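In the text below, chain A, chain B and the rest are named by the order of the sequence lines, each starting its count at 1. A quick note: this is a predicted structure, and the numbers were derived from the prediction, not measured.
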There are 2 protein chains.
Amino acid sequence: MKMRNVRKYLKEFNGVSITAQRELLMGLIHKSQGHISAKELYKNAVKKNGSISLATVYRNLKLFKELGIIEERRFGNLSCYYELKHANSHQHLVCKCCGTIIEFETPLIQKIIEQVEENYSFNVLKAEIYLEGFCKECNNADNNTVRGYSMS
Amino acid sequence: MKMRNVRKYLKEFNGVSITAQRELLMGLIHKSQGHISAKELYKNAVKKNGSISLATVYRNLKLFKELGIIEERRFGNLSCYYELKHANSHQHLVCKCCGTIIEFETPLIQKIIEQVEENYSFNVLKAEIYLEGFCKECNNADNNTVRGYSMS
DNA sequence: TTAGATGCAAATCATTTGCAATGAA
DNA sequence: TTCATTGCAAATGATTTGCATCTAA
């Protein structure tokens, strides 16, 4: 991502200053083109700026989240994943074996939201579908493992 | 829950012994009739058995999970919630303000699974929908707060 | 008797926070 | 100059683990 665009992003918000760390982190999040954890982001950032701290990564992830630039997701793990907020909402399909994360969309989620708003008088602000299973390749392989554990 | 039923549950598994702590924890999980966190479970357990340890709670939650008796859920928080595995799958609707958790069912989730299995050659083993928003009461109230933060 | 279970304290992992030093506007 | 931001280290909260002791089978 061009520096100019990052600046544009951040400049829209009053009182938020543009620092080298923020530009770096935003650039890396853009490059990740998908989901990245705080630790991965930190590791990548250190390669470019040896003195950046994990605290700065967390603080800025929190800031970007509050500014509505990124979203935070949990995929069963203890740690979170972060991704740029897309215009179009999408859902996640995760392989228990190889960890591949596939994004997909479905108009049915809108139907579900409507049903729930109707039935429970709820004002739904966020809808997430999380599907887990085995992808084609892992399903065929013999030596399946689930996040490091053998499942023979 | 009657002790006999707890024993029946645990006896089905070889090598798993029936301890007072396990009976207590299973009973409390049953009584909770919904979602309970490890900490809440521990607090309730201590009332009946002053010397039970948090480690025992976590170890047994892990065991029950492995035995397929309970399920682990994350609702955006850092900590997990545990619930008995129901025969019928159900989804969750959480109020950002008061924290109420509503369970609901929808046949549309099956449709989504079918679509995904078809489109991505995935073998889907688990499907979770998580909806978040404001319940009727909180939506009407003036002083809405989101998990402790004011949103005036 | 003996493998599995427990309690305790210490360890880990992800995330947050206090504080003094630094840097953007 | 001034207030936001950073790096560092220590704190926190959830969960796990090592170890000596206990207990169900």
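A/Ser53 pairs by the side chain to side chain contact (heavy atoms under 4.5 Å, CB included) definition with A/Ala55, A/Thr56, not counting sequence neighbours. Under the side-chain hydrogen bond (donor to acceptor under 3.5 Å, both in side chains) criterion, B/Glu83 pairs with B/His35, B/His90, B/His92, not counting sequence neighbours. Legend: residues meeting salt bridge (Lys or Arg N to Asp or Glu O under 4.0 Å) with A/Lys126, ordered by chain and number and at least two apart, are A/Glu128. With sequence neighbours left out, A/Ala20 forms a side chain to side chain contact (heavy atoms under 4.5 Å, CB included) with no residue at all. Residues satisfying the salt bridge (Lys or Arg N to Asp or Glu O under 4.0 Å) criterion with B/Lys65, sequence neighbours excluded, are B/Glu72. The side-chain hydrogen bond (donor to acceptor under 3.5 Å, both in side chains) check on B/Ser32 picks up nothing, with sequence neighbours excluded. Remark: B/Ser17 pairs with no residue by the side-chain hydrogen bond (donor to acceptor under 3.5 Å, both in side chains) rule, at least two apart or across chains.
Applying the ring-ring contact (aromatic ring centres under 6.0 Å, His included) test to every pair with at least one member in residues 42-72 of chain A, sequence neighbours left out, gives no pairs at all.
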Protein-nucleotides 16-23 of chain C N/O pairs closer than 3.5 Å?
unit_1, atom_1, unit_2, atom_2, d
C/dG18, O6, A/Arg59, NH1, 3.3

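The distance between atom CD of A/Glu23 and atom P of D/dT6, rounded to the nearest whole Å, is 11 Å. Rounded to whole Å, the distance from CG on B/Leu61 to P on D/dT15 is 9 Å. Atom P of nucleotide D/dT16 and atom CG of B/Leu63 are separated by 13 Å, given to the nearest angstrom. Spacing between atom CG of A/Asn49 and atom P of D/dT6 amounts to 10 Å, rounded to whole angstrom units. Put simply, CZ on B/Phe64 is 11 Å from P on C/dA5, counting in whole angstrom units. Rounded to a whole Å, the CD1 atom of B/Ile52 is 14 Å from the P atom of D/dT23. In this structure, B/Glu72 atom CD and D/dT16 atom C1' are separated by 13 Å, rounded to whole Å. Rounded to whole Å, atom P of D/dA4 lies 14 Å from atom CD of A/Glu66.
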Could you go through residues 109-124 of chain B and list every donor-acceptor pair under 3.5 Å that involves a side-chain atom there, pairing it with any protein atom two or more places apart or in another chain?
unit_1, atom_1, unit_2, atom_2, d
B/Glu117, OE2, B/Val124, N, 2.8
B/Asn119, ND2, B/Gln115, O, 3.3

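Side chains of B/Lys43 and B/Lys47 form no contact here, defined as non-hydrogen atoms less than 4.5 Å apart. Counting only heavy atoms from C-beta outward, the side chains of B/Cys98 and B/Cys135 approach each other to under 4.5 Å.
Among A/Asn44, A/Leu63, A/Ile52, A/Leu61, the single residue meeting the side-chain contact (heavy atoms from CB on, under 4.5 Å) criterion with A/Leu25 is A/Ile52.
Between the axis at the start and the axis at the end of the helix from C/dT1-D/dA25 to C/dA25-D/dT1 there is an angle of 30°, using five pairs per end and rounding to 10 degrees.
Look at B/Thr56 and you'll find a side-chain N or O under 4.0 angstrom from OP1 or OP2 of C/dG7. Dashed line: the shortest gap from a side-chain N or O of B/Gln21 to OP1 or OP2 of D/dT23 is not under 4.0 Å. Residue B/Ser17 places none of its side-chain N or O atoms closer than 4.0 Å to OP1 or OP2 of D/dA24.
Listed by residue number, there are no residues of residues 37-47 of chain B with a heavy-atom contact under 4.0 Å to DNA chain C.
Residue whose closest nucleotide on DNA chain D sits further toward the 5' end, between B/Arg74 and B/Val16: B/Arg74.
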